[in-house]
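Since the model is a prediction, treat every value here as computed from it, not as a measurement. Proteins get letters first, then strands, A, B, ... in listed order; numbering begins at 1 in each.
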Number of protein chains: 2
Amino acid sequence: MALKPIKQEIKAAVDSAIFTVKDGKLMVLLIEMTKKPYEGFWALPGGLIEQKETTLEAAVRILEESTGVKNVYLEQLGTFDAIDRDPFARTISVAHIALVPEKDVALQIGEKYADVRWWSIEKLPELAYDHKHIAHVALDRLRAKLEYTNIVWSLLPKEFTLTNLQAVYEIILGTEIDKRNFRRKILALKLLEDTGRLQAGEANRPAKLYRFKQRKLQYIDII
Amino acid sequence: MALKPIKQEIKAAVDSAIFTVKDGKLMVLLIEMTKKPYEGFWALPGGLIEQKETTLEAAVRILEESTGVKNVYLEQLGTFDAIDRDPFARTISVAHIALVPEKDVALQIGEKYADVRWWSIEKLPELAYDHKHIAHVALDRLRAKLEYTNIVWSLLPKEFTLTNLQAVYEIILGTEIDKRNFRRKILALKLLEDTGRLQAGEANRPAKLYRFKQRKLQYIDII
DNA sequence: ACAAAAGTGTTGTTACTACACCCATGG
DNA sequence: CCATGGGTGTAGTAACAACACTTTTGT
């Protein structure tokens with residue numbers, strides 16, 4: 001398509017903002033880097049894409065390498081390509097968002113990293129490349145999408161109480177929600193079904209367990 | 001970031017879905033290709049990105065080359081990277097959406113194309129590569145964004161009547177809207193201001209001319 | 001005077017917010 | 001019997017949909 005053939009020396013990478021809710025906080029997974037000039041910095045898990053894989057496949061691969069999880073929610077966030085975003089080479093990064101239920105995760109410290117762990121999005125360490133920017137855009141997208149889709153399912157175990165669900169909304173949005181109004185609204189959406197079972201073992205009245213009717217992305221009809 | 005250095009042979013391109021409203025229809029700009037195997041096919045304007053430009057800069061450049069317009073609304077749509085999307089080489093395409101007011105455009109048939117023209121999105125010709133898919137995703141995004149942002153400004157001239165504005169909504173959304181409800185709602189958003197002037201020369205009562213207070217993207221508060 | 005588009009209000013319905021008490025269980 | 005979180009209803013307000021006639025201009 002180009003008028004004159006252009007000799008491109010551009011690399012294509014993926015980076016993933018992997019979120020979970022843990023200890024009452026929204027967390028993002030970061031890896032600690034070993035190479036200069038970013039030794040000691042943290043970064044979103046990522047890597048170059050291989051010749052015969054799509055960016056989504058690369059994101060799936062990298063997600064499994066760092067967390068051991070499969071079959072989680074994953075979507076493309078966007079492509080970040082500031083010319084100097086990577087000091088080593090001109091690299092464009094196709095960023096993704098992944099959402100995982102905390103208990104599914106078994107963190108794996110790859111040989112190329114110093115460390116891998118969850119960080120609260122409220123206090124992130126210094127990040128390599130443009131990853132602070134990517135993380136910020138990812139968080140905005142997550143918050144927005146919570147409002148008009150059913151993505152929360154991807155952060156919750158198969159069965160959960162309405163209080164669990166409300167807590168996830170409150171944590172991500174950073175707001176308090178009235179319990180009665182929340183329940184009326186979420187049930188009116190007909191996304192959930194009652195499992196007929198109760199949560200046992202707590203020192204209080206047992207809560208009903210619900211599940212999502214569909215564990216895949218649905219847009220909520222605002223009209 | 002990669003464990004072993006990977007020899008990548010991946011090219012990075014941009015493609016743009018350039019929309020306008022013309023003759024009461026939503027149109028997209030296509031170029032007719034000259035090279036095999038896509039000779040005679042139409043495609044979204046695009047090209048490889050250059051070493052020292054960002055994808056957004058490349059999209060701006062290509063937009064100006066094909067339409068002569070500058071300073072129009074342009075946003076990244078997403079990256080399309082199916083492995084076999086381009087039969088010549090592994091190419092990932094960062095697709096963009098551009099919105100232009102029809103009267104600003106002076107189409108320019110570049111030397112590398114057989115033809116350039118507007119096509120109604122209702123009846124597109126056969127498209128090269130995965131451009132049918134990209135065009136479809138672009139249209140979905142445009143429709144969605146019409147609902148929660150003020151992007152319409154980018155399709156209208158500086159001054160316009162409320163009827164003009166309503167027509168653009170109806171054309172893009174493909175629905176009819178009640179005139180009274182539409183006016184009440186759009187004015188309540190406080191995005192418009194009355195210019196104090198009237199449209200003259202029509203064989204009917206002259207309509208007030210309005211303009212957007214801000215000609216840049218704003219999100220509409222749903223709350 | 002006629003055609004053509006501009007402009008304008010009301011009513012019924014539905015969704016949203018704010019708010020406080022009783023219930024079932026474990027210890 | 002007490003502490004803990006689970007569960008429920010109502011009233012006032014705001015937003016929305018549906019609907020028809022009068023006004024101003026050019027010809």
Side-chain angles (χ1 to χ4, degrees), chain A residues 21 23-24 144 146-150 152 156-157 159-171 173-212 219-223, chain B residues 21 23-24 144 146-150 152 156-157 159-171 173-212 219-223:
Chain A
V21 169
D23 306 333
L146 214 55
E147 308 268 14
Y148 65 89
T149 71
N150 69 342
V152 234
L156 286 161
E159 301 191 351
F160 51 85
T161 67
L162 293 181
T163 303
N164 297 152
L165 181 60
Q166 181 174 342
V168 174
Y169 272 91
E170 289 181 335
I171 289 163
L173 298 177
T175 57
E176 291 201 355
I177 305 173
D178 180 86
K179 182 162 63 160
R180 287 160 293 186
N181 294 339
F182 177 79
R183 286 167 182 238
R184 189 172 333 112
K185 206 160 155 181
I186 204 83
L187 292 173
L189 294 175
K190 310 264 184 209
L191 299 173
L192 304 181
E193 60 189 9
D194 190 337
T195 62
R197 305 200 298 127
L198 298 175
Q199 186 182 51
E202 303 288 318
N204 53 39
R205 179 172 170 175
K208 287 185 180 178
L209 290 168
Y210 289 83
R211 74 169 80 91
F212 279 91
Y219 291 85
I220 294 169
D221 279 341
I222 304 177
I223 311 159
Chain B
V21 170
D23 306 333
L146 213 56
E147 308 267 16
Y148 65 88
T149 71
N150 70 341
V152 233
L156 285 161
E159 302 191 350
F160 50 86
T161 68
L162 293 182
T163 302
N164 296 152
L165 181 60
Q166 182 175 342
V168 174
Y169 272 91
E170 289 180 338
I171 289 163
L173 298 178
T175 56
E176 290 201 357
I177 305 173
D178 179 86
K179 182 161 65 159
R180 287 159 294 187
N181 293 340
F182 177 78
R183 285 166 183 238
R184 191 173 331 111
K185 204 161 157 180
I186 204 84
L187 292 173
L189 294 175
K190 309 264 184 211
L191 299 172
L192 304 181
E193 60 191 5
D194 190 337
T195 62
R197 305 197 302 126
L198 299 176
Q199 186 183 50
E202 302 290 317
N204 53 41
R205 178 171 172 175
K208 287 185 180 179
L209 290 168
Y210 288 83
R211 74 169 77 90
F212 279 92
Y219 291 84
I220 295 169
D221 280 341
I222 304 177
I223 312 158

Review point. Rounding to a whole Å, what distance do you find between B:L162:CG and C:dA6:C1'?
Key: 10 Å

Practice item. Whole angstrom is fine here: how far is it from CD in A:E202 over to P in C:dG26? Key: 10 Å

Review point. Separation of A:L198 atom CG from C:dC23 atom C1', in whole Å?
Key: 13 Å

Exercise for review: Among C:dG7, C:dC23, D:dT24, find the nucleotide with the atom closest to the side chain of B:P206.
Suggested key: D:dT24

Revision key, fill the gap. From NZ of A:K208 across to C1' of D:dG7 the rounded distance in Å is 9 Å

Practice item. Only one of B:E176, B:E170, B:Q166 passes side-chain contact (heavy atoms from CB on, under 4.5 Å) with B:F182; say which it is. Key: B:Q166

Practice item. Report the distance from atom CD1 of A:I177 to atom CZ of A:R183, rounding to the nearest 0.5 Å. Key: 12.0 Å

Review point. Within the structure, does a side-chain N or O atom of B:T163 lie under 4.0 Å from either OP1 or OP2 of C:dA6?
Key: yes

**Study point:** Atom-to-atom span, CZ of B:R197 to P of C:dA6 - whole angstrom
**Key:** 17 Å

Check your understanding: Which residues, if any, of residues 176-192 of chain B bring a heavy atom under 4.0 Å of DNA chain C?
Key -> B:K179, B:R180, B:R183, B:R184

Check your understanding: Who are the ring-ring contact (aromatic ring centres under 6.0 Å, His included) partners of A:Y210, not counting sequence neighbours?
Key -> none

Practice item. Take the angle between the ring planes of B:F160 and B:F212 and call it parallel below 30°, perpendicular above 60°, tilted in between. Key: tilted

Review point. For the pair made of CD in A:Q199 and P in D:dG5, what is the distance, rounded to whole Å?
Key: 12 Å

Exercise for review: Take B:N164 and A:A203, find for each the nucleotide of DNA chain C with the closest heavy atom, and name the residue whose nucleotide sits nearer the 5' end.
Suggested key: B:N164

Check your understanding: Taking CG from B:N204 and C1' from C:dA4, how many angstroms apart are they, rounded to a whole number?
Key -> 5 Å

Exercise for review: Tell me, yes or no, whether the heavy-atom count around B:E193 atom CD, taken from other residues, nucleotides or ligands under 6.0 Å, exceeds 12.
Suggested key: yes

Review point. When all nucleic acid strands are considered with a 4.0 Å heavy-atom cut-off, which category describes B:T161: base, sugar-phosphate, or nothing?
Key: nothing

**Study point:** Check: B:Q199 side chain, B:L209 main-chain N or O, donor-acceptor pair, under 3.5 Å
**Key:** no

Review point. So which of A:V152, A:L146, A:L173 actually passes side-chain contact (heavy atoms from CB on, under 4.5 Å) with A:V168?
Key: A:V152

